[in-house]
Amino acid sequence: MTVRAQNIVSSEEEPLILVDDQDRQTGSLSKGEAHDGDGILHRAFSVFLFNAQGELLLQQRAAGKRLWPLYWSNSCCSHPRQGEQIDAAASRRLQDELGMTSALQYVYKFTYQARYRDLGSEHELCYVYLGRVAETVQANASEIEALRYISAGELEQEFRDRPEDFTPWFVMEWRRLTRDHAALLEKYCLAAR
């Protein structure tokens, strides 16, 4: 895994897709405004990528991120753009953040809200995908501070030992994957329990 030159792929001004709790579009708002205060519900996605050994690719969020900087999170997460299908957005973002492609499998969607200090909140209706890493990963330095692979057992241990190191959505998504989608997860993560 390598870190490639900084390539700006998102900003506080980019419009996010606002939705209701049934995932019906209700409008749009800048990323910055959508994350102010308690946050306004908007569409998002999270991707979990596994290597051939069944290890999960984790990213440490860049230091310049407004919310949860330097926290460890799932492989890739972001927002679709206006008029962009969610599957296409997830594929685009893999290229933007990791310089790679992957066939992604949609698993589920859920709504959550999480506040980060007094700097704002995530309030997202988030689609969760699984995929495989089949090529060289190149981290975009504007989005990612570091990358690493981890086994399911090691991840569970780190959740117990250092829960404060991880983004809240990552923990929620992993818990639901292991609880409600264990058979599917097993296909990607050889050590899933």
Side-chain angles (χ1 to χ4, degrees), residues 1-17 28-36 39-40 42-51 55-104 106 112 114-117 119-150 155 158 162 164-174:
M1 292 178 284
T2 60
V3 175
R4 59 189 162 110
Q6 208 169 28
N7 181 22
I8 306 301
V9 294
S10 66
S11 73
E12 290 283 290
E13 291 75 40
E14 72 180 84
L16 301 188
I17 301 169
S28 65
L29 194 63
S30 75
K31 180 178 171 183
E33 292 173 300
H35 290 97
D36 286 343
I40 298 174
H42 56 274
R43 197 172 285 153
F45 57 84
S46 281
V47 179
F48 289 71
L49 297 173
F50 297 87
N51 65 14
E55 298 168 314
L56 176 62
L57 177 64
L58 298 186
Q59 70 158 267
Q60 185 181 34
R61 292 166 59 81
K65 292 278 191 183
R66 172 180 166 194
L67 304 179
W68 289 277
L70 299 177
Y71 283 67
W72 287 97
S73 198
N74 54 292
S75 311
C76 179
C77 50
S78 190
H79 313 94
R81 294 177 174 158
Q82 291 294 323
E84 186 178 37
Q85 295 298 314
I86 197 88
D87 293 353
S91 293
R92 171 186 50 81
R93 196 61 179 199
L94 287 183
Q95 191 66 307
D96 289 347
E97 287 191 18
L98 300 169
M100 60 162 288
T101 60
S102 179
L104 298 178
Y106 167 75
Y112 77 96
R115 188 164 186 85
Y116 180 70
R117 301 181 184 164
L119 299 177
S121 300
E122 289 288 4
H123 190 191
E124 296 184 332
L125 192 149
C126 191
Y127 289 66
V128 177
Y129 293 87
L130 300 177
R132 290 212 177 270
V133 176
E135 56 189 271
T136 302
V137 176
Q138 296 180 348
N140 181 334
S142 71
E143 296 291 324
I144 299 170
E145 194 73 23
L147 294 168
R148 65 183 170 117
Y149 285 102
I150 191 167
L155 180 59
E158 288 192 21
R162 298 189 318 275
E164 68 280 0
D165 289 353
F166 299 95
T167 61
W169 62 87
F170 172 38
V171 176
M172 287 183 258
E173 291 163 356
W174 181 257

Q. Under a 4.5 Å cut-off applied to non-hydrogen side-chain atoms, are Leu104 and Leu94 in contact?
A. yes
Q: Compare every heavy atom of Pro80 with every heavy atom of Arg92, then report the nearest pair and how far apart it is.
A: NH2-CA, 4.3 Å
Q: With side-chain contact (heavy atoms from CB on, under 4.5 Å) as the test, would you mind laying out the steps for Glu164 and Arg162 before giving the verdict?
A: CA-CA 5 Å; Glu164 68 280 0; Arg162 298 189 318 275; 3.9 Å; yes
(Q) Determine whether a donor-acceptor pair (N or O, by modelled atom type, separation under 3.5 Å) exists between the side chain of Gln95 and the backbone of Met100. (A) yes
**Q.** Distance-minimising heavy-atom pair for Arg117 and Tyr71
**A.** NH2-OH, 4.1 Å
**Q.** Reference residue His79; test side chain to side chain donor-acceptor pair (under 3.5 Å); the match among Lys31, Glu124, Glu84
**A.** Glu124
Q. Side chains of Glu97 and Ile144: does their closest heavy-atom pair fall under 4.5 Å?
A. yes
Q. Can you tell me if Tyr129 and Asp87 form a side-chain donor-acceptor pair at under 3.5 Å?
A. yes
Q | Check: Arg132 main-chain N/O paired with Ser102 side-chain donor or acceptor under 3.5 Å | A | yes
Q. Can you tell if the side chain of Gln60 reaches within under 4.5 Å of the side chain of Leu70, non-hydrogen atoms only?
A. yes
Q. Trp68 vs Tyr116 aromatic rings, parallel, tilted or perpendicular, using cut-offs 30° and 60°?
A. tilted
Q: Might you confirm whether atom CD of Gln82 has over 12 heavy atoms from other residues, nucleotides or ligands at distances under 6.0 Å?
A: yes
Q: Output, in order, the C-alpha distance, side-chain angles, deciding distance and verdict of salt bridge (Lys or Arg N to Asp or Glu O under 4.0 Å) for Glu143 and Arg93.
A: CA-CA 11 Å; Glu143 296 291 324; Arg93 196 61 179 199; 2.9 Å; yes
Q) Of all heavy-atom pairs between Val137 and Tyr149, which one has the smallest distance, and what is that distance? A) CG2-OH, 4.1 Å
**Q.** Side-chain touch Phe170/Ser46, heavy atoms, less than 4.5 angstrom
**A.** no
**Q.** Residues which pass side chain to side chain contact (heavy atoms under 4.5 Å, CB included) with Ile150, listed by chain and number, not counting sequence neighbours
**A.** Leu56, Leu58, Arg148, Glu154, Leu155, Glu158
Q. With a 4.5 Å heavy-atom cut-off, do Trp169 and Asn74 have their side chains touching?
A. yes
Q) When rounded to the nearest 0.5 angstrom, what distance separates CZ in Arg81 from OG in Ser28? A) 14.0 Å
(Q) I'd like to check Leu16 versus Arg43 (side-chain heavy atoms, cut-off strictly below 4.5 Å). Are they in contact? (A) no
(Q) If you compare all heavy atoms of Leu57 against all heavy atoms of Ser75, which two are closest, and at what distance to 0.1 Å? (A) O-OG, 2.6 Å
Q: Please state whether the rings of His42 and His35 are parallel, tilted or perpendicular, taking 30° and 60° as the class boundaries.
A: perpendicular
Q. If we only count heavy atoms from C-beta on, is the Phe45 to Ser78 side-chain gap below 4.5 Å?
A. yes
Q. Just how far is it from atom CD1 of Ile86 to atom CD1 of Ile17, taken to the nearest 0.5 Å?
A. 7.0 Å
Q: Would you check, one step at a time, whether the test side-chain contact (heavy atoms from CB on, under 4.5 Å) holds for Leu98 with Leu49?
A: CA-CA 11 Å; Leu98 300 169; Leu49 297 173; 3.8 Å; yes
Q) Considering only heavy atoms from C-beta outward, does the side chain of Glu122 approach that of Thr167 to under 4.5 Å? A) no
Q. Where is the tightest heavy-atom contact between Pro168 and Ala114, given as atom of each residue plus distance?
A. CG-CB, 3.6 Å
Q. What is the minimum heavy-atom distance between Arg66 and Gly32, and which atoms define it?
A. NH1-O, 3.0 Å
